[in-house]
Amino acid sequence: MTITPPLSERTPEQLRAHVAEVLTRSRERSTALTDAVDDDDLVRQHSTLMSPLVWDLAHIGNQEELWLVRDVGAREPVRQDIDELYDAFRHSRASRPSLPLLSPLEARAYIREVRDKVLDVLDHAPLEGRRLLEHAFAFGMVAQHEQQHTETMLATHQLRQGDAVLTASPPPRATTRPRAAEVLVPGGPFTMGTSTEPWALDNERPAHQVQVAPFVIDVAAVTNADYAAFIDAGGYDDPRWWSAAGWAHRQDTGITSPRFWTRIDGVWWHRQFGVPQPLAPHQPVVHVSFHEASAYAAWAGKRLPTEAEWEKAARYDPATGCSRRYPWGDDDPTPQHANLGQRHLAPAEAGAYPAGASPLGVQQLIGDVWEWTSSDFLPYPGFAPFPYDEYSLVFFGGDYKVLRGGSFGTDVVACRGTFRNWDHPIRRQIFAGFRCARDPRAEELG
Ligand code: AVJ
Ligand code: FE
C-alpha cells in the first residue's frame, strides 16, 4: 500500500494525478451504469422521481463543461446551446423526458469531448491563485458531482422494471458480534464541520464548536429483522409512533412496509436491482423514509440522532478531544473500512467492518446506508456559499432532513465524516436507513 499525503499537502503533480484518477473512476462508473441498458431504457422515465438516465449523463458533462472547460480553462464553450436543458432548476425531473434532450449517442459524444478538453485543462491550469483552483478544488467538486449522479443513476436502476443488468459480489458477512448494542457518547464540546478538508463542499464549512449533551447511540443501524418486528407489532397502524406529518403521509400513501418489500406466504422478500431476494435479516433496512425511521425509533423507545450527535459519534476521539476525518482515523476509506463505491449492491450486515469502528466502538457509520438524522438542513454559523448558491444555499430551511455517512452506492470521493446529504422526509428511493439514539438514563451518567 502506498502512503499518500493528505490532499492539503500534495504537490501540484500529485494533485493532478489524483484528479485524473478520480475523474477516470467516476467516468467508468457512469459509463457502466448507462451501457448496462439499451437506448430505449436510457431515454425512458423509470419513475417520476428520477430523470431519464440519459439526462443525468449529459448533465454530468454539462456541469463539467461549465466549471472546468469554461471557468477554470477559459476555453470556448463546447455546447452553450444545451445549458438550459441540463439546468436542474429549470425543469422538474418529471418533465425531463419530454425535453429535446441529446440522444444517447449525442450525450456520449458530448461528455467525451468535454472530458478530453478537461484533461488538457488539468495539465495546464495553475493549481493556485484562485480559491476555485486551490488544491484542485474545482476538479474535486466536479468529480464529486459526477459520483453524486452515479448514485442517483443507481437509484434509478433500483426503480427500473425488468431483468437485472447489474452484478456485484455480495457484501461481506459479519466477522464479529458487537460487544454492546449501544454506547454512551460523553457530553461536552465537539468540533463539527471542517475548515481544512480541501474538497469539503460549502455546507460542511466552517469548523465550529458545538456543545453536545451526553447521549446513547446504537452501535449498528436498524436491521431488516428489527424493522420487520416493528411491522409485526402493528407499527404502521399505530399513530402513537408517528409525527402528525408522518401519520398523514402514512395514511395518504397507504404504505405498510419499506419500499421494494413484499410478503409472500408470511415471508418477507425484497427486490434489489431486479433480483427478488429473501430479506437478509442482519443487513440494515434500506428504502425507508424519515417518517418511517422516526416511527420505528419511537416504537423502540428511542429517537433519531441529531446531526451533531451523529457527527460526534463518527468523529470525536475521546483520547484527544479532537475530531477525526473518519470514525477510524484520518486515512481515506479502504475496502476494509467501509462498504462504499458500489463494490456491492447491498448494505453489509452489522459487524462486517470492525476496522471501520469509531474510538467508542460505533460501527458502519460510513457506507452501507445513508442514515436519517432528526435535523433540518441548515447552514453552519459562518457559512458562505461557494462556488455557487444552487449547491446548498437555496435548499437551507426547506422541507429537508439531513442524512449522513454515505451508502454502498456512494463513492469515496463524495463521502467524508463531515459530508451532509439532505432529502425530503417522505423520500424512499434513496439508499437510506437509520440508527437510533436516546438520552442517557441517570444511572448511566454516574
Ligand atoms: C446533495 C444529493 C442532495 O443530488 O440533489 C447533484 C447533489 N447537486 N447535483 C442532489 C447534487 C447538484 C444533491 N444532493
Ligand atoms: Fe447535478
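Indexing begins at 1, ligand by ligand and atom by atom, following the structure's order.
- Of all protein N/O/S atoms, those under 2.8 Å from the Fe ion (ligand 2) are His59 NE2, His145 NE2, His149 NE2, and waters are not counted.
- By the 30° and 60° cut-offs, the orientation of the rings of Phe408 relative to Phe431 is tilted.
- Note that Arg96 lies outside the cation-pi zone of Tyr86, set by a 6.0 Å cut-off to the ring centre and a 45° limit from the axis.
- The 4.0 Å heavy-atom shell around ligand 1 contains residues His145, Gln148, His149, Tyr391, Asn421, Trp422, ordered by chain and number.
- Ring pair Phe434/Trp372: centre-to-centre distance not below 6.0 Å.
- If you check the side chains of Glu64 and His145, you find no donor sitting under 3.5 Å from an acceptor.
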For a quick test of your reading: what N or O donor-acceptor pairs under 3.5 Å do the side chains of residues 124-136 make, sequence neighbours left out?
| unit_1 | atom_1 | unit_2 | atom_2 | d |
| --- | --- | --- | --- | --- |
| His124 | ND1 | Asp120 | O | 2.8 |
| Arg130 | NH1 | Asp71 | OD1 | 2.9 |
| Arg130 | NH2 | Asp71 | OD1 | 2.9 |

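- No close placement of the Phe260 and His270 rings is indicated, their centers lying 6.0 Å or farther apart.
- A distance of 6.0 Å or more separates the ring centres of Phe290 and Trp242.
- Ring to ring, Phe230 and Tyr227 are close: their centroids are under 6.0 angstrom apart.
- The side-chain hydrogen bond (donor to acceptor under 3.5 Å, both in side chains) analysis of residues 155-168, with sequence neighbours excluded, yields the pairs Asp41-Arg160.
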